[in-house]
Amino acid sequence: MKYVDEFRDAAAVRHAIDTIAGIATRPWNIMEICGGQTHSIMRHGLHELLPDNIHLLHGPGCPVCVTPAEKIDQAIAIAMQENTVLCSYGDMLRVPGNNRSLLDCKALGADVRVIYSPTEAVDIALSEPEKQIILFAIGFETTAPGNAAAIRKAKLQQVENFSALVCQVTVPAAIDALLGNNDFEIDGFLAAGHVCTIMGFHQYYHLAEKYQVPIVITGFEPLDILAGIEKCVLQLESGQHSVENAYARYVTEQGNQPAQDLLQEVFQLDDQTWRGIGVMPNSGLSLNKSYRYFDAEQRFSTVLGDLDLSMSKPVNEACQSGLVLQGKIKPDECPLFGKQCRPDKPLGATMVSSEGACAAYYRYAAS
Ligand code: SF4
């Protein structure tokens, strides 16, 4: 298949659904990690077409959703300083911190700019040398190489008025933490195809073995997702637990080596706080020693030291996005869903982000 329509063909989708129904003999809980996959499932109604014994759980793979409120507070505190420019991807702007969002802060006069490529932030730094330019470097392994490339460019060109506020997260540690939690059962995983395009899938072997779960590298179109589910169910029904690649048109076992080399050069593994979930060991990336000069947390340590996080309150304590992100509840099980909390008035990050599960349910499933 070559064109996107072919991956959405109704007859082929029906056939794939029937195949899954024919092999699934008992209930299976399968988690798709990525918010992009959640949106595709909801948009194309796959959750309604699948047989009742296939339960899809939505995972924490939405970068905007898992960025902790405290990190947004830090970005706001820096952006509110004179002569600073905070550069961010657009979907971060509406995500609430503990008290307000970057969009609120922009309305108050802060210079917050939306960028489409991280290296734009370096270009702004070069063209406005009298200002401090800060890249809000968030996301999973998909955004990390672009952020690393920008930071490396700043180092190579000795751009002294550039720094990065880093909040990078990694998928394998999240899977490890979810499977190590005995609260509920996940029988199999659909790993995110775009992350594996960069990182390969060799990093999942030990997780499949440790927890005896199938992990299937899966894409984003309806037939991609159904292929991932089918491979997962086939393994579960036959008692297997291996790593399989259902997205071979992009993903190789070793991934994109130059991108991985770049990550290795700029970042190091570090503990990271995930919004609504908490601290997960080695689940994030921070700047390594040779790039620490560009660490915005160090450069603005005086400003950030004054942040009184003890005064912070969650925007809405009733928001259950932490449970949504772990697949423990479906978005429409939150009592605020579609009532007090809607995309035009979001109370939690999972309703703000274009990849958030609550936004996906509101957009495609709310009656
Ligand atoms: S519907 Fe809104 S309040 Fe409820 S979990 Fe989702 S983001 Fe939070």
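Quick caveat, the model's predicted, so the values are computed rather than measured. What you see below is based on every heavy atom in this structure, not just the backbone, and it leaves out hydrogens, waters and symmetry mates.
- Not counting sequence neighbours, S127 has no partner by the side chain to side chain donor-acceptor pair (under 3.5 Å) test.
- The backbone N or O of Q298 lies less than 3.5 Å from a partner atom in the side chain of S301, making a donor-acceptor pair.
- A 6.0 Å sphere centred on CG of N83 holds more than 12 heavy atoms belonging to other residues, nucleotides or ligands.
- Among all heavy-atom pairs drawn from V95 and A349, the shortest one is CG1-CB, 3.8 Å.
- Panel note: side chain N288, backbone Q268; no donor-acceptor pair is recorded below 3.5 Å.
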N/O donor-acceptor pairs under 3.5 Å from side chains in residues 199-206, not counting sequence neighbours:
| residue | atom | partner | partner atom | Å |
| --- | --- | --- | --- | --- |
| H202 | NE2 | M199 | O | 3.3 |
| Y205 | OH | E253 | OE2 | 2.5 |
| H206 | ND1 | Q203 | O | 3.3 |

Please walk me through it: do Q132 and S163 pass side-chain hydrogen bond (donor to acceptor under 3.5 Å, both in side chains)? CA-CA 8 Å; Q132 285 288 326; S163 59; 4.8 Å; no
When you look at D261 and Q257, which way does the side-chain hydrogen bond (donor to acceptor under 3.5 Å, both in side chains) test go after all the steps? CA-CA 6 Å; D261 291 345; Q257 198 56 52; 3.1 Å; yes
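- Surrounding CD of Q264 are at most 12 heavy atoms belonging to other residues, nucleotides or ligands under 6.0 Å away.
- Side chain of D73 to main chain of N98: a donor-acceptor pair is present (N/O by atom type, distance under 3.5 Å, no hydrogens or angles).
- In terms of heavy atoms, M31 sits closest to P60 at SD-CD, 4.4 Å.
- Note that the CG atom of N245 and the CD1 atom of I215 stand 13.0 Å from one another [nearest 0.5 Å].
- The shortest heavy-atom contact between M42 and A360 is CG-CB, 4.0 Å.
- No donor-acceptor distance shorter than 3.5 angstrom exists from the side chain of S283 to the backbone of A173, with no hydrogens or angles considered.
- A donor and an acceptor atom, one from each side chain of E141 and T170, are nowhere located under 3.5 Å apart.
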Under 3.5 Å donor-acceptor pairs involving side-chain atoms of residues 86-94, not counting sequence neighbours:
| residue | atom | partner | partner atom | Å |
| --- | --- | --- | --- | --- |
| R94 | NH2 | P343 | O | 2.4 |

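- C232 SG to Q240 CD: the interatomic distance, rounded to the nearest 0.5 Å, is 11.5 Å.
- Transitive grouping of hydrophobic side chains (ILVMFWY, heavy atoms separated by less than 4.5 Å) brings I23 and L50 into a common cluster.
- Contact annotation: the side chain of S40 approaches that of I225 to within less than 4.5 Å [non-hydrogen atoms, C-beta and beyond].
- Atom CD1 of I20 sits about 9.0 Å away from atom CG of L234, to the nearest 0.5 Å.
- Pairs of residues two or more places apart, or lying in two chains, that qualify as salt bridge (charged side-chain N to carboxylate O under 4.0 Å, His left out) and include a residue from residues 163-179 are D176-K210.
- Side chain of Q74 to main chain of E70: no donor-acceptor pair is present (N/O by atom type, distance under 3.5 Å, no hydrogens or angles).
- Every residue two or more places apart in sequence or in another chain that forms a side chain to side chain donor-acceptor pair (under 3.5 Å) with E128 is listed here: R113, K131.
- Distance check, rounded to the nearest 0.5 Å: CG of N256 to OG1 of T197 gives 9.0 Å.
- Other cluster members for I329: L323, V324, joined by side-chain heavy-atom distances under 4.5 Å among Ile, Leu, Val, Met, Phe, Trp and Tyr.
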Step-by-step side chain to side chain contact (heavy atoms under 4.5 Å, CB included) determination, R275 to T67: CA-CA 6 Å; R275 190 171 191 154; T67 301; 6.0 Å; no
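- Sequence neighbours left out, the pairs with a member in residues 293-303 that pass salt bridge (charged side-chain N to carboxylate O under 4.0 Å, His left out) are K71-E297.
- One finds the CD1 atom of I133 at 7.5 Å from the CG atom of D111 (value rounded to the nearest 0.5 Å).
- K330 pairs by the side chain to side chain contact (heavy atoms under 4.5 Å, CB included) definition with H58, D332, E333, Y361, not counting sequence neighbours.
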What verdict does the side chain to side chain contact (heavy atoms under 4.5 Å, CB included) test give for I115 and L135, after you've listed the backbone C-alpha separation in whole Å, the side-chain angles of each residue and the deciding distance to 0.1 Å? CA-CA 9 Å; I115 51 168; L135 170 66; 3.5 Å; yes
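- A single hydrophobic cluster is seen to contain both L102 and Y116, as judged by linkage of ILVMFWY side chains at heavy-atom distances under 4.5 Å, directly or through other members.
- Cation-pi geometry between K155 and Y291 is met: the NZ or CZ atom falls under 6.0 Å from the ring centre, inside 45° of the normal.
- Considering CZ of F294 and CD of E160, their distance stands at 8.0 Å, rounded to 0.5 Å.
- Closest approach of V122 to A150, counting heavy atoms only: CG2-O, 3.3 Å.
- Formation of a donor-acceptor pair under 3.5 Å by the E355 side chain with backbone atoms of C62 is not found in this model.
- Under the 3.5 Å distance criterion, the side-chain polar atoms of N29 are left unmatched by any main-chain donor or acceptor of D187.
- Legend: residues meeting side chain to side chain donor-acceptor pair (under 3.5 Å) with S353, ordered by chain and number and at least two apart, are absent.
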Give the intermediate values and the outcome of side chain to side chain contact (heavy atoms under 4.5 Å, CB included) for residues V171 and F140. CA-CA 7 Å; V171 171; F140 281 88; 3.5 Å; yes
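- Of the possible polar contacts, one joining the D271 side chain to the N282 backbone as a donor-acceptor pair under 3.5 Å is found.
- Neither L262 nor L156 shares a network with the other; the hydrophobic side chains, linked directly or stepwise wherever heavy atoms of I, L, V, M, F, W or Y lie under 4.5 Å apart, form separate groups for each.
- Under 4.0 Å is where a charged nitrogen must lie from a carboxylate oxygen, and between D224 and R8 no such pair does.
- For A12, the side chain to side chain contact (heavy atoms under 4.5 Å, CB included) partners are D9, L223, not counting sequence neighbours.
- If you chain together hydrophobic residues whose side chains sit under 4.5 Å apart, L108 and I134 fall into the same group.
- Under a 3.5 Å cut-off, the side chain of E48 and the backbone N or O of G45 do not form any donor-acceptor pair.
- Partners of A177 under the side chain to side chain contact (heavy atoms under 4.5 Å, CB included) rule, at least two apart in sequence or in another chain, are M280.
- Put simply, the residue from I217, I175, L207, V243 that forms a side chain to side chain contact (heavy atoms under 4.5 Å, CB included) with F189 is I175.
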Before giving the answer on side chain to side chain contact (heavy atoms under 4.5 Å, CB included), spell out for E32 and L56 the whole-Å C-alpha distance, their side-chain angles and the decisive distance to 0.1 Å. CA-CA 7 Å; E32 84 276 0; L56 295 181; 4.1 Å; yes
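- Partners of T302 by side chain to side chain donor-acceptor pair (under 3.5 Å), not counting sequence neighbours: none found.
- Without hydrogens or angle criteria, T350 side chain to C65 main chain gives no donor-acceptor distance under 3.5 Å.
- Among all heavy-atom pairs drawn from V166 and S286, the shortest one is CG1-CA, 4.5 Å.
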